Amino acid sequence: AIEEMLRWWTPVQSFTRVTTRDTELRGKRLREGDVVMLLYASANRDEEVWGDDANRFDVARDHARSRHLAFGFGEHLCLGASLARLEARVMFEELFARWPRFELAEEPEPFASILINGVARMPVVLES
């Protein structure tokens, strides 16, 4: 479930880079000095990778961990990815152990940033 959550709502929203030479990407010509942007949410909902149900949240998705880009990829993989996964797992284990039922009290307030995703405020009702 945590991997699908990461695919669905990535910690980083986007990254930009500047091309260092003329190249072509998926049939589009890019010139040296062009600015390109990776939108993680878009990449993590790419139908070519995720199939026809890419826009469906599915905690049983079997290949989420190996294919989402929430923590980057290859040499750009976040050094804290394993710790973040562990923290999320422990948080949910402890939450469910103490309060097996909970619900939103109000709509969550997102953290205001163009770079990272986050929640600034999320009131919940906890029931044991």
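Since the model is a prediction, treat every value here as computed from it, not as a measurement.
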**Prompt:** Can you find a heavy atom in the side chain of Val119 that is under 4.5 Å from one in the side chain of Trp9?
**Reply:** yes
**Asked** Side-chain heavy atoms under 4.5 angstrom apart, residues restricted to Ile, Leu, Val, Met, Phe, Trp, Tyr: same cluster for Met91 and Met122?
**Response** yes
**Asked** Can you tell if the side chain of Met5 reaches within under 4.5 Å of the side chain of Phe57, non-hydrogen atoms only?
**Response** yes
**Message:** Arg98: which residues meet the salt bridge (charged side-chain N to carboxylate O under 4.0 Å, His left out) condition with it, sequence neighbours left out?
**Reply:** Glu94
**Prompt:** Does Gln13 reach the main-chain N or O of Ser113 with its side chain, forming a donor-acceptor pair under 3.5 Å?
**Reply:** yes
**Message:** How close do Leu115 and Ser14 get, counting heavy atoms only, and between which atoms?
**Reply:** CD1-O, 3.4 Å
**Asked** To the nearest 0.5 Å, what is the distance between CG (Asn44) and NE2 (His68)?
**Response** 7.0 Å
**Asked** Yes or no on side-chain contact (heavy atoms from CB on, under 4.5 Å) for Arg7 and Leu69, after CA distance, side-chain angles and deciding distance?
**Response** CA-CA 7 Å; Arg7 181 188 79 87; Leu69 299 177; over 6 Å; no
**Request:** Mark yes or no for whether Arg45, through its side chain, and Asn55, through its backbone, hold a donor-acceptor pair below 3.5 Å.
**Result:** no
**Taking every non-hydrogen atom, the tightest pair across Arg56 and Glu4** = O-OE2, 3.4 Å
**Message:** Is there a side-chain contact (heavy atoms from CB on, under 4.5 Å) between Leu126 and Leu95? Walk through the geometry before answering.
**Reply:** CA-CA 9 Å; Leu126 304 171; Leu95 178 69; 4.3 Å; yes
**Asked** Is the closest basic N to carboxylate O distance between Arg89 and Glu93 below 4.0 Å?
**Response** yes
**Prompt:** Nearest heavy-atom pair of Ala70 and Pro11: which atoms, and what distance?
**Reply:** O-CD, 3.6 Å
**Prompt:** Do the side chains of Phe102 and Val125 get nearer than 4.5 Å, heavy atoms only?
**Reply:** no
**Asked** Would you call Arg85 and Glu3 a salt bridge, using N to O less than 4.0 angstrom?
**Response** yes
**Option from Leu6, Asn117, Thr10 for which side-chain contact (heavy atoms from CB on, under 4.5 Å) with Tyr40 holds** = Thr10
**Request:** Kindly assign one of parallel, tilted or perpendicular to the pair Trp50 and His63, based on the angle between their ring planes and the thresholds 30° and 60°.
**Result:** parallel
**Asked** Mind checking whether Leu86 and Ser82 have side chains closer than 4.5 Å, heavy atoms only?
**Response** no
**Asked** Under the 3.5 angstrom rule, does the side chain of Thr19 hit a backbone N or O of Asp34 as a donor-acceptor pair?
**Response** yes
**Prompt:** Looking at Ile2 and Ala88, what are the two nearest heavy atoms and their distance?
**Reply:** CD1-C, 3.6 Å
